[in-house]
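Below is one structure, written out as structure tokens; comments come after it.
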Amino acid sequence: LHLPVQSGDNEILKKMGRRHRREDYLELVDEIKEAVPEIELGSDFIVGFPGETEEQFLNTVDLVKRVGFNVAFISIFSSREGTASQRMYKDDVSRMEKHRRHAYLTKVWQETKKKIKVKV
């Protein structure tokens, strides 16, 4: 089941225009896992959103550790012409920092992902 979350921080989620909060997402994941214990979960993440602090990034890292996603699509934020984020926020997270966060979150995901059981 693919459940895009984008960020593990409520302030960043709000800035992204998402309608869910971290707590809502984790509650939904808990309910799904209770109903289907062997479920495989996937999600999307964006690192380096304008204004994202290290603490906010670490909230995303924590969410990844808590959920144990089987699949994760991790993207580096890049401003696109004409988007709300481009109009509203200065892209103030350095390219180097975005790449560091991407590499770190990828490593955490790889270390914590659930191993997919192949039926023979």
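For the numbers below, each heavy atom of this structure counts, side chains included, while hydrogens, waters and symmetry mates do not. Positions are given from 1 along the sequence.
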### Task
Check whether any side-chain heavy atom of Val67 sits under 4.5 Å from a side-chain heavy atom of Leu26, and report yes or no.
yes
### Query
Taking all non-hydrogen atoms of both residues, which atom of Lys113 and which atom of Phe69 are closest, and how far apart?
CB-O, 2.8 Å
### Message
Contact between Phe45 and Trp109 at the side-chain level, heavy atoms closer than 4.5 Å - yes or no?
### Response
no
### Message
Set out, in order, the CA-CA distance, both residues' side-chain angles and the distance that settles side-chain contact (heavy atoms from CB on, under 4.5 Å) for Leu1 and Leu3, then state yes or no.
### Response
CA-CA 6 Å; Leu1 178 63; Leu3 293 172; 4.1 Å; yes
### Task
Report the residues that fulfil side chain to side chain contact (heavy atoms under 4.5 Å, CB included) with Asp30, sequence neighbours left out, ordered by chain and then residue number.
none
### Task
Under the side chain to side chain donor-acceptor pair (under 3.5 Å) rule, collect the residues that match up with Thr53, sequence neighbours excluded.
Gln56
### Task
Please list all pairs passing the salt bridge (charged side-chain N to carboxylate O under 4.0 Å, His left out) test where one or both residues lie in residues 42-58, with sequence neighbours left out.
Glu52-Arg101, Glu54-Arg100, Glu54-Arg101
### Query
Distance-only, no hydrogens or angles: does the Ser7 side chain make a donor-acceptor pair with backbone N or O of Leu13 under 3.5 Å?
no
### Task
State whether the side chain of Asn10 and the backbone N or O of Arg22 hold a donor-acceptor pair below 3.5 Å, judged by distance alone.
yes
### ILVMFWY network linking Val29 to Val36, side-chain heavy atoms under 4.5 angstrom
yes
#### Entry: salt bridge (Lys or Arg N to Asp or Glu O under 4.0 Å) partners of Arg21, counting only residues at least two apart
Glu23, Asp24
### Query
Can you find a pair of side-chain heavy atoms, one from Val47 and one from Phe77, that are under 4.5 Å apart?
no
### Task
Might you point out which heavy atoms bring Val108 and Val64 nearest each other, and give the distance in Å?
CG1-CG1, 4.2 Å
### Message
Asp92: which residues meet the side chain to side chain donor-acceptor pair (under 3.5 Å) condition with it, sequence neighbours left out?
### Response
none
### Task
Applying salt bridge (Lys or Arg N to Asp or Glu O under 4.0 Å), name anything that partners Lys107, two or more places apart in sequence or on another chain.
Glu111
### Task
Write down the atom of Val93, the atom of Phe49, and the distance for their closest heavy-atom approach.
CG2-O, 3.6 Å
### Task
Give a yes or no on whether the backbone of Lys65 and the side-chain of Thr112 come within a donor-acceptor separation of less than 3.5 Å.
no
### Query
If only atom types and distance count, is the side chain of His102 paired as donor or acceptor with the main-chain N or O of Ile74 below 3.5 Å?
yes
#### Entry: Distance (rounded to the nearest 0.5 Å) between Met16 CE and Gln6 CD
6.0 Å
### Query
Angle class for the His20/Tyr25 ring planes (parallel below 30°, perpendicular above 60°, tilted otherwise)?
tilted
